[in-house]
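Note on naming: letters A, B, ... go to the chains in the order of the sequence lines (proteins, then strands), and numbering restarts at 1 for each one.
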Amino acid sequence: MGDILFQNTLTGRKEPFVPLHPGEVRMYTCGPTVYDFAHIGNFRTFVFQDILRRFLRMKGYRILQVMNLTDVDDRIIQNAAAAGVGIREYTEKYIRAFLEDTRTLNIQPPEHLARATDHIDDMVRLIQRLSEKSFTYSSDGSIYFRIAKFPGYGKLSKIDLSGIQAGARVDVDRYEKADARDFALWKAPKPGEYFWETSIGPGRPGWHIECSAMAMKYLGETLDIHTGGVDLIFPHHENEIAQSEAATGKPFARFWLHAEFLLVESEKMSKSLGNFYTLRDLFARGHRPSALRFLLASVPYRRQLNFTMDGLQQAASSVERLRNFVARLKTEKFPAGQSDSMAGRVRQAAADFEKGLEDDVNTAQALAAVFDLVRDVNTAIDRGEFRQGDAPQVLAAMQESDSIFSLLVDEDAAKLRALGFDAAAGPDDVEIEALVAERQAARKRGDYRYADRMREQLAERGIILEDTRDGGVRWKRK
RNA sequence: GGCGCGGUACCCAAGAGGCCUAAGGGAGAGGUCUGCAAAACCUCCAUUCGUGGGUUCAAAUCCCACCCGCGCCUCCA
């Protein structure tokens, strides 16, 4: 078992990862702002976080993960007001949708899913703590963090702030700041706006404070890993570091891992370009959850991922190959015994798989190891060299890789049905089995015309039949 | 302008000085197997890694210049 290497945004280097507390990794992953349905770009990051988590688990660590749900911000307040509902009520719908999407993509739930509005007290206390150390000042009822007092500011983003002049873009906020670079910890309510009555005055939290407060509440003052999209490096994560470390005097997060952007047809995804997709949009076009998960997972997180419908199609074919392979191992009968080369081959594949992930979560490399094994085993089977006793260990290796990628269990149809897409509607298992038996009988008596017609009819209903060598038949839903 | 990704076959994509006469997947062509299919297997599919220089015994990998795509630079994953 080799070292785990992570490219750390903080140091700009690839570094060996060892958690602070033996046997346990404490990670904070930036979650969605629940003002709308999450899109595939968001899920690129969330799938990465999931794979990171699953990988660390595979390496034997206990995981303590916190993901935030930002359920208060300008857009939420505006949209909720426009809809004439409270912000809790407004965000509830999107939180539910997010959790549903998350399950659809087999993203494991974190140990703590933290809603910002459930942690106002924690934020207030953190702001107080900062105030006691004179890192804050008030202006018009809002409280700001004084960046000039924090010497390490900019160490994550390596951004040169001297170019940002005081007052240059103050209008964005309509609040009075001493220095344009300062950011709001607490925002005074605008007239008619939703606010909390607290010991530091009425208002609502700034964007960054929730992550610091919730991360430290559940994970302690120094986390092992903090992740999010590259766009969050500045200002969000930079500000998290400033306010957290100013308060505690300790390093906030030891490793910062940032997922690159997903592009659509080489362009930034945006509503105006019409290339903005939610999971539901893709499912409505007949694409599968597993295909999307494969596509999002197959490109290493640090690379921009160019999303295309063709790519999604290709991903679906790749998933099919894996599933066909596992089905073959489970249903086909092989000569008894055990071959002498297979155990070593499987061990090699498992080692290559792990080695890929150890190198900064290189999923492309890990998948290549899986596909290599698939081909070699298929070849061995076709040559008659594969033995029944080899099957369990190959299947175990496939299971192991699937503990990371989660693609083998075919739940696509059930998920789509649960989400209300009828694309997946078709005959149930009992009916299929009966039709398959009828066709088998036809084949036995040599009535191939009838048998072939039945196969075509089933294909039209989305059922693919594969006759096996031993005269049996295997079927699957398309 | 500053900071940061990246440009490898028809498409996606790994590799970051010699194991590369460049992984893996998808698509395509031919073949094997099959009653026919499907699946699977075999063969073919980049003498070449954006372009031009340079360093080196050796470069897709290092250096320089240029071209192109994308992101961040106050609330977007």
Using the [atom1] atoms only, state how far [M] lies from [N], rounded to an integer number of Å.
N	M	atom1	value
C70(B)	G54(B)	P	32 Å
A13(B)	A60(B)	C1'	14 Å
G69(B)	A59(B)	C1'	24 Å
A58(B)	G18(B)	P	14 Å
A9(B)	G4(B)	C1'	28 Å
U61(B)	A23(B)	C1'	15 Å
A65(B)	G1(B)	P	14 Å
U8(B)	C68(B)	C1'	15 Å

Can you check whether [X] has a side-chain N or O nearer than 4.0 Å to OP1 or OP2 of [N]?
X	N	answer
Lys268(A)	C72(B)	yes
Arg181(A)	C73(B)	no
Arg469(A)	C33(B)	no
Asn42(A)	A77(B)	yes

| 5' priority, RNA chain B, between Thr379(A) and Leu367(A) [closest heavy atom] | Leu367(A)
Assign [X] to base, sugar-phosphate, or nothing according to its heavy-atom contacts below 4.0 angstrom with the strands shown.
X	value
Ile233(A)	nothing
Met269(A)	base
Phe261(A)	base
Asp372(A)	sugar-phosphate

Nucleotide paired to [N] in any strand shown, Watson-Crick or G-U, under 3.5 Å:
N	answer
A40(B)	U32(B)
U55(B)	none
G71(B)	C3(B)

Expressed as a whole number of angstroms, how long is the span from [X]:[atom1] to [N]:[atom2]?
X	N	atom1	atom2	result
Leu69(A)	A77(B)	CG	C1'	14 Å
Asp74(A)	C75(B)	CG	C1'	7 Å
Asn8(A)	G4(B)	CG	C1'	15 Å
Leu232(A)	C72(B)	CG	C1'	11 Å
Asp231(A)	C72(B)	CG	C1'	8 Å
Leu262(A)	C76(B)	CG	P	18 Å
Trp207(A)	U74(B)	CH2	C1'	9 Å
Glu238(A)	G2(B)	CD	P	20 Å

| According to the salt bridge (charged side-chain N to carboxylate O under 4.0 Å, His left out) rule, which pairs have a member within residues 359-380 of chain A, sequence neighbours left out? |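 As it turns out, the salt bridge (charged side-chain N to carboxylate O under 4.0 Å, His left out) pairs with a partner in residues 359-380 of chain A, which skip direct neighbours, are Lys14(A)-Asp359(A), Arg302(A)-Asp360(A), Arg345(A)-Asp376(A), Asp372(A)-Arg375(A).
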| query | For residues 226-235 of chain A, which residue pairs qualify under salt bridge (charged side-chain N to carboxylate O under 4.0 Å, His left out), counting only residues two or more places apart or in two chains? | reply | none
| field | Asp447(A): which of Arg445(A), Lys444(A), Arg443(A) passes side chain to side chain contact (heavy atoms under 4.5 Å, CB included) | value | Arg445(A)
Strictly distance-based, threshold 3.5 Å: is any side-chain N or O of [X] a donor or acceptor partner for the main-chain N or O of [Y]?
X	Y	result
Asp3(A)	Leu5(A)	no
Glu466(A)	Arg474(A)	no
Tyr90(A)	Tyr35(A)	yes
Ser298(A)	Phe294(A)	yes

| query | Is it the case that Arg204(A) places NZ or CZ above or below the six-membered ring of Phe195(A), under 6.0 angstrom from the centre and within 45 degrees of the axis? | reply |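 Not satisfied by the 6.0 Å and 45° rule.
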| task | Find out whether Phe255(A) and Leu10(A) are in side-chain contact, i.e. whether some heavy atom of one side chain is under 4.5 Å from a heavy atom of the other. | result |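 Phe255(A) does not reach Leu10(A) side chain to side chain.
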Can you give each donor-acceptor pair under 3.5 Å made by side-chain atoms of residues 311-324 of chain A, sequence neighbours left out, with the distance rounded to 0.1 Å?
residue, atom, partner, partner atom, Å
Gln314(A), NE2, Asp310(A), OD2, 3.0
Ser317(A), OG, Gln313(A), O, 3.4
Ser318(A), OG, Gln314(A), O, 3.1
Glu320(A), OE1, Lys476(A), NZ, 2.9
Arg323(A), NE, Leu407(A), O, 2.9
Arg323(A), NH1, Asp410(A), OD1, 3.0
Arg323(A), NH1, Asp412(A), OD2, 3.2
Arg323(A), NH2, Leu407(A), O, 2.9
Arg323(A), NH2, Val409(A), O, 3.4
Asn324(A), OD1, Lys476(A), NZ, 2.6
Asn324(A), ND2, Glu320(A), O, 3.3

| Any idea which of C76(B), G24(B), A77(B) is nearest the His39(A) side chain? | A77(B)
Identify each atom pair where a protein N or O and an N or O of nucleotides 37-39 of chain B are less than 3.5 Å apart, giving names and distance.
residue, atom, partner, partner atom, Å
A37(B), N6, Asp467(A), O, 3.0
A37(B), N1, Asp467(A), N, 2.8
A37(B), N3, Arg455(A), NH1, 2.9
A38(B), N1, Asp467(A), O, 3.4
A39(B), O3', Asn324(A), ND2, 3.3

| Footprint string (nucleotides 7-17 of chain B, 5' to 3'): B base within contact, S backbone only, - free, heavy atoms under 4.0 Å | S---BSSSS--
| field | Residue of the set Gln243(A), His237(A), His236(A) for which side-chain hydrogen bond (donor to acceptor under 3.5 Å, both in side chains) holds with His208(A) | value |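 Answer after filtering Gln243(A), His237(A), His236(A): His236(A).
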| Non-neighbouring partners of His39(A) that pass ring pair (Phe, Tyr, Trp, His ring centres under 6.0 Å), sequence neighbours left out | Phe276(A)
| request: Measure distances between side-chain N and O atoms of Lys158(A) and base N and O atoms of C72(B), and say whether any donor-acceptor pair falls under 3.5 Å. | output: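 Side chain to base: no pair present.
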